[in-house]
Amino acid sequence: MIGFNQVTKIYDNITALRNVTFSIEKGEFVFITGPSGAGKSTLLKLVYLAERPDEGSINIAGWDTETLKEKAIPYLRRNIGIVFQDFKLLYNKTVYDNIAIALRIRGIKEAEIKDRVHEVLKMVNLRHKTDSYPRELSGGEQQRITIARAIVGEPTVLIADEPTGNLDVDNTAGIMRIFREINAKGTTILFATHNRDLFRNTGLRVLRLDNGNLVSDEKG
Amino acid sequence: MIGFNQVTKIYDNITALRNVTFSIEKGEFVFITGPSGAGKSTLLKLVYLAERPDEGSINIAGWDTETLKEKAIPYLRRNIGIVFQDFKLLYNKTVYDNIAIALRIRGIKEAEIKDRVHEVLKMVNLRHKTDSYPRELSGGEQQRITIARAIVGEPTVLIADEPTGNLDVDNTAGIMRIFREINAKGTTILFATHNRDLFRNTGLRVLRLDNGNLVSDEKG
Amino acid sequence: MYSLKLALKSLWYDKWINLLSIVSIATGLFILGTVLLSLYNIERATQNMPERFTITLFLNEKISKKDVDLLIKRLKRESIVKEIDYISKEDALKELKTSLKDAAYILEGLDENPLFPSIVIKVRRENFDRDRVEALIKKLKGFNQIDEIIYADEILESIQDVYSGFKFVSLGVSLLFSVSVVFVCYSTVKILFFRRKEEIEVYKLLGATRSFIRAPFIIEGTIIGIVGGVAALAGNYLLVSLLKGMTNPVAVLKLIEIPVQLMVILPVAGLVLGLTGSTIALGRLKY
Amino acid sequence: MYSLKLALKSLWYDKWINLLSIVSIATGLFILGTVLLSLYNIERATQNMPERFTITLFLNEKISKKDVDLLIKRLKRESIVKEIDYISKEDALKELKTSLKDAAYILEGLDENPLFPSIVIKVRRENFDRDRVEALIKKLKGFNQIDEIIYADEILESIQDVYSGFKFVSLGVSLLFSVSVVFVCYSTVKILFFRRKEEIEVYKLLGATRSFIRAPFIIEGTIIGIVGGVAALAGNYLLVSLLKGMTNPVAVLKLIEIPVQLMVILPVAGLVLGLTGSTIALGRLKY
Ligand SMILES: Nc1ncnc2c1ncn2[C@@H]1O[C@H](COP(=O)(O)OP(=O)(O)OP(=O)(O)O)[C@@H](O)[C@H]1O
Ligand SMILES: Nc1ncnc2c1ncn2[C@@H]1O[C@H](COP(=O)(O)OP(=O)(O)OP(=O)(O)O)[C@@H](O)[C@H]1O
Ligand SMILES: [Mg+2]
Ligand SMILES: [Mg+2]
């Protein structure tokens, strides 16, 4: 599903990733961990093509990112749901529209959009915030909207960058339950987090980065 | 130092805080906890006067917020260092300027500013990012810049809203150490977090909010 | 359909900033409209002015009626000739008497009319062109029944000069102002889009195609442009009715009229500016 | 000092958007400059035009040289009189002969000069005022050596009309365009500040006073305004030198000149616009 081969990413003078090689099978649930600035977000950005590698090659769902045409990128991204570390919500749109946009992009009918948006809002316990604007929400509420937007399109790959940083224990548990369910239905999940509690004793795969190097790849 | 008396805060139709009463002495280190949307950020916003209570009264460092003149607000805020949940960094300014601004506001000389900015950058392990722009930083790095900006002015009250949500264990421990040091020097600290590990077994005071109500006030 | 709804929603959410853009664009188009209006009305006013340029042909005293008719017939065929006036010897004397006023009695002693018959030619201003006038005069000089041709060489030149100068300056000014207006509109739209860079970024990351991203922005820009154009038109109408309805009016201003074309030009210009402005401002979206 | 540095840094960071604002403001001021330039040059051109308005006094045939001198002396005292031309009977006859051209021989039969002496008065255009001209004429009518006064009533009216109409329209147009330019500049600056709302919010939360927050924004706005004004001035210079240097020039355009005042007006207007624009755009900062 996702293959990194000797990937190096350099920003200006900072090497954010150095010779990283790994591969993830379809349906896996993989954690990415490591200290702040280790390169977790950079690795995820390479997967959803927000950044391009300086060296090495990346293969996503059979596509080589080097030869991939620009025009194909939107269609590739539609199969990827992303929870951004900095949320990236549209502050001039309501919660409903923020989530619906992910479906409208795919040309889905409004009637179906309505059902699906309300369903995911219920999953993250924010049905009552449908018509609020993001600035009227608490930090954790905004984060859950971002999660709802990522999962509403039923993507084949779900990328989550520190999706529980602003959530309390109960909400975190709820989100983890949702992710496990989605994963059970076949979605591949990449989950970047500092929170060891999330993967400890789960038996799931954990990639550990440190200063741009992939230092371990073991079960949590 | 800080006194809330029967404070209620209503947003549109949402009661974010309901009849909250407590008082904090000078030099205390108080945690505020509770689930997402409980009202933690709202409580802190009332302390730094970004919001005004709909009912009840708030007393900050001897000033009653109701009678406080608008002109006095900047001077009151200079005694408060704030770590915002959403960072509120200036994205068109370098890391250096982002931190220096907190001192420039007070009219401190550039030479002294330079020393103090470099000192706090060292404290949060980001000396090497002095000339970067916030967008070139990882989530955790941005959060640490926000912390550096809050403490550089040596405030008498430090307000931190989920300051470790994007930080790994080691960085979190480092930040907590800094906060304990600052507190030891006499600074009052209000620290909102979901992370129970931060206050468990510290013996520090913990205010627990739930759905806008202050449900407990005990030692962690 | 959905793009339109999105555009309208976004217009409403950012209503203040959009209003300001509309004001900017409307102001620009209003200036353009005022310029066009002035040009149109000056043109109209000068078209109604009496023709000043004439050529006078002094004819042979003994010319026959037949020859005169022939000459007139020939002159009528010339495209630059607008009006032909034949003044016989008798008419000429009458005119002289009138112009002498009270002193006319000095002519009473004459036993014979000493004046010549003449033809006064008025030149069509639309076809006015110095070369063509001189060509005509050369032609006429070959006619042996014509004794003398008088035409105001200097006046000719200065009319020519003023007229073509006017045309030139008008054209220059309208061009200049159009370019200025395009500049203002472009930068207004561009400033608007600078604000939206992040929004576009999010759309891209969610997997939106170029056309999906572009549509609402372009619709928004077009709406802003059209509204701006219509507002400019309304401004021009207001200006004109204000000028016409003044209590201490300057007579000339009473005659000002709004050409129908302006009613089309301004909204269309707004549309084109909004459309191209937002398309260019968006630029080539890169993934 | 620090505010200035901050303003310059921020100008540089947002260089593209600032450039666009400068372009907007420069365009606005350029249009204004062009209008002022045109007004100035039209005024200058018409001032050099020959005076067309004259009053002709037909004097009594038997008026003595002394009376004529007295009359001229009196006329010279009138402020609206610019030039006085005395035409004696003999001069009048000479003129008539010239105007009759080849037909002048008709006058040869006369044994006595039948014409009247006259005085032609040219009226000063600067002091032109219909009421004052009529007052003068009334006064002259009381003079018994004057037989008749001829003055072009209609021409008088139309010159009056055109001149005051011109003045009125000029004033209106400059006012209108100034207002338009202020609108464009205001909305440009306001759009800029909409972008900065969050930045201002952060400053406030960090404990900055109003003046601390305002200073860099206002300095920035002022710099944008001044640069815009200077750019507009440069544009006007370019325009004028372009017009003057054309290979197929329209004679009139060669005479165009840039008034010194414009060199002050445009940058100062830019400064004022930038300063007030940013001050107003910032609004009353509330804590
Ligand atoms: N656009 C950029 N320009 C320059 N440097 C960058 C940029 N983005 C990231 N970096 C640097 O690359 C390194 C890795 O960043 P990355 O965001 O991948 O870290 P991370 O593991 O996600 O950290 P965190 O847990 O704090 O989010 C950091 O040192 C960061 O400063
Ligand atoms: N500006 C606002 N307008 C309307 N509702 C608001 C506004 N700000 C906050 N709220 C609502 O008030 C409630 C409390 O919000 P607050 O930000 O205080 O929560 P919190 O405890 O900080 O949560 P979190 O841990 O997720 O940050 C939430 O339900 C939120 O949606
Ligand atoms: Mg990260
Ligand atoms: Mg909060």
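Computed from a predicted model, the values in this text were never measured in an experiment. In what follows, chains are A, B, ... by sequence order, proteins preceding strands, each numbered from 1.
Contact annotation for residues 36-61 of chain B against chain D (heavy-atom separation below 4.5 Å, listed by residue number): B:Y48, B:A50, B:R52.
Screening residues 218-227 of chain D for salt bridge (charged side-chain N to carboxylate O under 4.0 Å, His left out), with sequence neighbours left out, gives D:R196-D:E220.
Here the side chain of B:Q143 pairs a donor or acceptor atom with the backbone of B:E162 at under 3.5 angstrom. Distance alone, capped at 3.5 Å, places no donor-acceptor pair between the D:T222 side chain and the D:L271 backbone.
In this structure, B:F22 and B:F4 have parallel ring planes: the angle between them is below the 30° cut-off, well short of the 60° mark.
In summary, D:K204 and D:E201 engage in a salt bridge, as defined by a charged side-chain N under 4.0 Å from a carboxylate O. Salt-bridge annotation for D:R210 and B:E70: present, with a side-chain N of the basic residue lying under 4.0 Å from a carboxylate O of the acidic one.
Within the 4.5 angstrom heavy-atom criterion, only backbone atoms of B:Y91 (N, CA, C, O) approach chain D.
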